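Here the structure is a predicted model, which is why all the values come from computation and not from measurement. In each ligand, atom 1 is the first atom listed, and ligand 1 is the first ligand listed.
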Amino acid sequence: MNEKLLDEIRIDARERKIPILMDDTLEYIMNVLKNREINSILEVGTAVAYSAICFSKILSENGHIDTIEIEEIRVKEANENIEKMGLKDRINVIHGNALEVLPKMVEEKRKYDYIFIDAAKGQYNEFYKCALEMLNDNGIIIADNVLYKGMVLSDYNERKHRTAVNKLRRFLEYIQNIEGIKSEILDIGDGISISYKI
Ligand code: SAH
Ligand code: MG
């Protein structure tokens, strides 16, 4: 992989305040993934494809990534970055609202080894329900930003972020009470959850 180009993509995204994966979060996730056999990845929230490009490093030889992005401008930038990195045959960007795209993918019976949720915080429950249906038996679901700058586990109750914070609180409760699923919540970066089938 052309690490110099990847550095440029990361630096440019940070400069433009695009909320790409934090360094410590990425490092942790890569460590979790590296010992697993990953043939297929689904990502909700592509932005400029920084995380998708990073994840492609741990894909098995013929593996692929599907990643969903709602904003047209981001889809364009993501595709440019993927092309530059020579990953066009590995990463497929789907332009659309994941709330609509995911149920269609469920219907098509798509399956993934690793599903990464990193989009609108108010919709994590909906994303996760679809993710569960598409998760292979040895699969793993990771969601980013679940602690939302510490607000989710504090007594935060201000108007500004109340809805998102309450929804994330419900999300964390939900994922810890699903039969056949074990979930961990980790205070890394902006908070991540990791779920496995048991
Ligand atoms: N995973 C990326 C960062 C994603 S930022 C990385 O780490 O590099 C979150 C992205 O999710 C934004 O680009 C936003 O436009 C997109 N998004 C938000 N809600 C969405 C939805 N309902 N469906 C698809 N994409 C969504
Ligand atoms: Mg994030």
Tell me if a side-chain donor or acceptor on Asn97 pairs with a main-chain N or O of Leu99 at a distance below 3.5 Å. yes
Taking the side chain as every heavy atom from C-beta outward, state whether Val32 and Tyr196 have any pair of such atoms under 4.5 Å apart. yes
Do any N or O atoms from the side chain of Ser51 and from the backbone of Leu21 form a donor-acceptor pair under 3.5 angstrom? no
Give the atoms of ligand 1, by number and element, whose distance to some non-hydrogen atom of Gly96 is under 4.0 Å. 23 (N), 24 (C)
Give the atom name of whichever N/O/S atom in Asp144 sits closest to the Mg ion (ligand 2). OD2
Should you measure from each heavy atom of Ser51, which atoms of ligand 1 turn up under 4.0 Å away? 1 (N), 2 (C), 6 (C), 7 (O), 8 (O)
Considering only heavy atoms, does Ile18 approach ligand 1 within less than 4.0 Å through its side chain, its backbone, both, or neither? neither
Distance-only N or O hit between ligand 1 and Ala119, under 3.5 Å: no
Six-ring centre of Tyr124, Lys167 cation under 6.0 angstrom, axis tolerance 45°: no
Run the numbers for me: atoms of ligand 1, each under 4.0 Å from some heavy atom of Pro19, listed by number. 3 (C), 5 (S)
So, does Cys54 sit close enough to ligand 1 that a heavy atom of it is under 4.0 Å from the ligand? no
Within 45° cone of Tyr156 ring axis and under 6.0 Å: Lys149 NZ or CZ: no
Atom indices of ligand 1, in the order listed, that fall short of 4.0 Å to a heavy atom of Gln123: 22 (N)
Within 4.0 Å of some non-hydrogen atom of Ala120, the atoms of ligand 1 are 18 (C), 19 (N)
Does the plane of the ring in Tyr112 sit parallel, tilted or perpendicular to the ring in His64? Use 30° and 60° as the thresholds. tilted
If we number the atoms of ligand 1 from 1 as shown, the ones under 4.0 Å from a heavy atom of Asn97 are 21 (C), 22 (N), 23 (N)
Measure from the Mg ion (ligand 2) to every N/O/S atom of Asp118 and report the name of the nearest one. OD1
Provide the number and element of each atom of ligand 1 under 4.0 Å from a heavy atom of Glu71. 15 (O)
